[in-house]
Number of protein chains: 2
Amino acid sequence: MHKRISLSPESTRCSTCMLNSLCLPLGINSNDISKFDEVVSERIRIPKGETLFHQGDRSVAIYGIRSGSIKTQLEDATGQVQVTGFLLPGEVVGIDGFLNTTQLSNAIALEDTEVCVARIDDMDRVAAHVPAVQHQLRRLSSEEIKRSQQLVVALGVLRSEQRLAAFLLNLSQRLAALGYSPSEFVLRMSREEIGNYLGLTLETVSRLFSRFARENLIRIHQREVQLLDLPMLRQLSGVDCG
Amino acid sequence: MHKRISLSPESTRCSTCMLNSLCLPLGINSNDISKFDEVVSERIRIPKGETLFHQGDRSVAIYGIRSGSIKTQLEDATGQVQVTGFLLPGEVVGIDGFLNTTQLSNAIALEDTEVCVARIDDMDRVAAHVPAVQHQLRRLSSEEIKRSQQLVVALGVLRSEQRLAAFLLNLSQRLAALGYSPSEFVLRMSREEIGNYLGLTLETVSRLFSRFARENLIRIHQREVQLLDLPMLRQLSGVDCG
DNA sequence: CGTGAAATTGACTTCTCTCAACTAGCGTGG
DNA sequence: CCACGCTAGTTGAGAGAAGTCAATTTCACG
């Protein structure tokens, strides 16, 4: 199993975490936030490429990402992979499993990653008498469904270039929310992983990056991206145009 | 608004409904099932083509389908449509909205349909002191995520023929659970709606039906389908092959 | 500095869409 | 009851998008 870090009183807890306004305790006031300190008992370190949980595992917890990043993916019997999400710090992994008794997806670290563990039975116990926590679980479930539905729309109605543009914009926006540059970042995933997320081959992803660069929409060198023309990318993605 | 039918004591209630083992009260024992009679206060009739709720509406209830069928779809600003599901009797519509404060999708009747209304505040009130009901809501949320993820996989990794085969098999299985023939049924949706669900054009759907018929996998005449070769369809869908 | 994985690029194939013509079936009203 | 018109569905031809296979290139890492 992964390296577990028990949280001593002097460790960073939810109440003192920089990410608490984005992560598990989102929208919970400072009185109730301490309830999360009660629930989040430990952290786990997951080295790059290692699995946090497997599809089919009994669900024991949900995980707030403290640093690093995680991909979730579904695998069928034939070994075909559909990546269902790339999660960043402050985001929560394992909600789909929380609602079920077993995990629906695999969660794999894209880089060395640290996650805060909120055990399901602790969550349930606390939620029973803290409506804010209950509400939070519902919000997280709703987010999960929205994310999934967004992906359905991308795969169902967008063309490849629109999917990739929307993907870059989505990342940009989420990184901005974390205080990073919205226009310059490093992709933590390979072309193949992007392809498995967007329902495209790695070659198509690579060609599109090259084309976007040729059209001066982005600059890209390996995994370093710079978004040069956000308005044009937005228009291309077809998400907002009327 | 739609025709509302208040439920008098002698009306069919959850406790006496044929569908109760599939619908809202699934897996709830006969003691607790009467709690649903408390929650399900009325039924609504939705004529074919009419909308049960719109994307953006404040969520007030979840709906168990008593008869008929419903499609749910997302629409973006450009009017592009992604159908996210076709729901049959005994299935529950509006869970995504239940978790949110507003509806995420539109729900439209494919034929004259009757739904049982479980108001969210009633549900929450009852759930607070009936764990079985709470558990049930979680189960329904989980089902919703699974459904959505299944669609993601279909759109992301399956080819058109596999999508359509999987679609037919899925319908077949759900109809069988209702006691209908798994091999002979009537499609309640148009080719275009199937296309909008599977991320294909109506022409592609039509061509695939013709091809399946030519290959003696199915027989199809307008909306009447007969599945002639279930094993072959299963193999084609790629869902189970090793 | 060499090796291997990841990424790029090209040539070609295949799948799906688009546009268009045509057909079948259904409902309405004369 | 039939005729008309409308909608849904089918089919074909051609275009365009994305996939496949293969050859390089780049870069990270030992």
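Predicted model only: the values in this text are computed from it and were never measured. Values reported hereafter were calculated over all heavy atoms of this structure, with side chains retained and with hydrogens, waters and symmetry mates removed.
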- Query: Rounded to whole angstrom units, what separation is found between the CD1 atom of B/I220 and the C1' atom of C/dA24?
  - Reply: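 Roughly 14 Å, once rounded to whole Å.
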- Between P of C/dA6 and CZ of A/R188, the distance in whole Å: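 One finds 16 Å between P of C/dA6 and CZ of A/R188, rounded.
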- Between D/dT11 and B/S210, is there an OP1 or OP2 to side-chain N/O distance shorter than 4.0 Å?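 So the side-chain polar atoms of B/S210 do come within 4.0 Å of the phosphate oxygens OP1 or OP2 of D/dT11, strictly under.
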- Message: Heavy atoms only, 4.0 Å cut-off, all strands: where does B/L200 land among base, sugar-phosphate and nothing?
- Response: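 Sugar-phosphate contact only - B/L200 comes under 4.0 Å of backbone atoms but never of a base.
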- Using whole Å, report how far CG of B/L164 lies from C1' of C/dC15.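 For the pair B/L164 CG and C/dC15 C1', the rounded distance is 15 Å.
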- Rounded to the nearest Å, what distance is computed from the CZ atom of residue B/F209 to the P atom of nucleotide D/dT10?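 So the two atoms are 8 Å apart, to the nearest Å.
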- Step by step, would you call A/R147 with A/E143 a salt bridge (Lys or Arg N to Asp or Glu O under 4.0 Å)? CA-CA 6 Å; A/R147 260 185 0 99; A/E143 292 299 320; over 6 Å; no
- Contact under 4.0 Å: A/S190 side-chain N or O vs C/dA6 OP1/OP2: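 So the side-chain polar atoms of A/S190 never come under 4.0 Å of the phosphate oxygens OP1 or OP2 of C/dA6.
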- Hey, are the side chains of A/F185 and A/Y180 touching, using non-hydrogen atoms and a 4.5 Å cut-off?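 The answer is no, as the side chains (C-beta and beyond) never meet within the 4.5 Å cut-off.
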- Message: Just the rounded figure in Å: distance from P of D/dA22 to CD of A/E203.
- Response: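 Atom CD in A/E203 sits about 12 Å away from atom P in D/dA22.
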- Message: So does B/V83 get a backbone contact from the side chain of B/N196, meaning a donor-acceptor N/O pair under 3.5 Å?
- Response: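 Side chain of B/N196 to backbone of B/V83: no pair is present.
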- Can you find a donor-acceptor N/O pair under 3.5 angstrom joining the side chain of A/R207 to the base of D/dT20?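 Donor-acceptor pair under 3.5 Å: yes.
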- Query: Among side-chain atoms of B/D96 and A/Q149, is any donor-acceptor pair under 3.5 angstrom?
  - Reply: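 Their side chains do contain a donor-acceptor pair, which is all the 3.5 Å distance test asks for.
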- Query: Considering only D/dA22, D/dA18, C/dT16, which nucleotide approaches the side chain of B/T204 most closely?
  - Reply: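 The answer is C/dT16.
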- Item | Residue met sooner reading DNA chain D from 5', once A/H221 and A/R163 are mapped to nucleotides |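 Looking at DNA chain D, the more 5' nearest nucleotide goes with A/R163.
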- Specify the separation, in whole Å, of atom CD of B/E161 and atom P of C/dT16.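 It works out to 7 Å between those atoms.
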- Query: Separation of B/L110 atom CG from D/dA8 atom P, in whole Å?
  - Reply: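 Taking CG of B/L110 and P of D/dA8, I get 13 Å after rounding.
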- Message: Under 4.0 Å from OP1 or OP2 of D/dG9: is there any side-chain N or O of B/R223 that close?
- Response: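 So the side-chain polar atoms of B/R223 do come within 4.0 Å of the phosphate oxygens OP1 or OP2 of D/dG9, strictly under.
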- Message: How close do B/A177 and B/L22 get, counting heavy atoms only, and between which atoms?
- Response: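 Distance-wise, the nearest heavy atoms are O-CD1, 4.2 Å.
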- Message: If the cut-off is 4.0 Å, is B/R191 near the phosphate of D/dT10, judged by side-chain N/O to OP1 or OP2?
- Response: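 True: B/R191 side-chain N/O within range (under 4.0 Å) of D/dT10 OP1/OP2.
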- Please give, in whole Å, the distance from D/dG19 C1' to A/R159 CZ?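 Interatomic distance, CZ of A/R159 to C1' of D/dG19: 17 Å.
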- Task: May I ask you to say what A/G195 touches in the nucleic acid, namely base, sugar-phosphate or nothing, with a heavy-atom cut-off under 4.0 Å?
- Result: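 No contact.
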- Message: Check the phosphate of D/dA17 against A/S160, side-chain N and O only, distance under 4.0 Å to OP1 or OP2. Yes or no?
- Response: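 No, no such contact exists.
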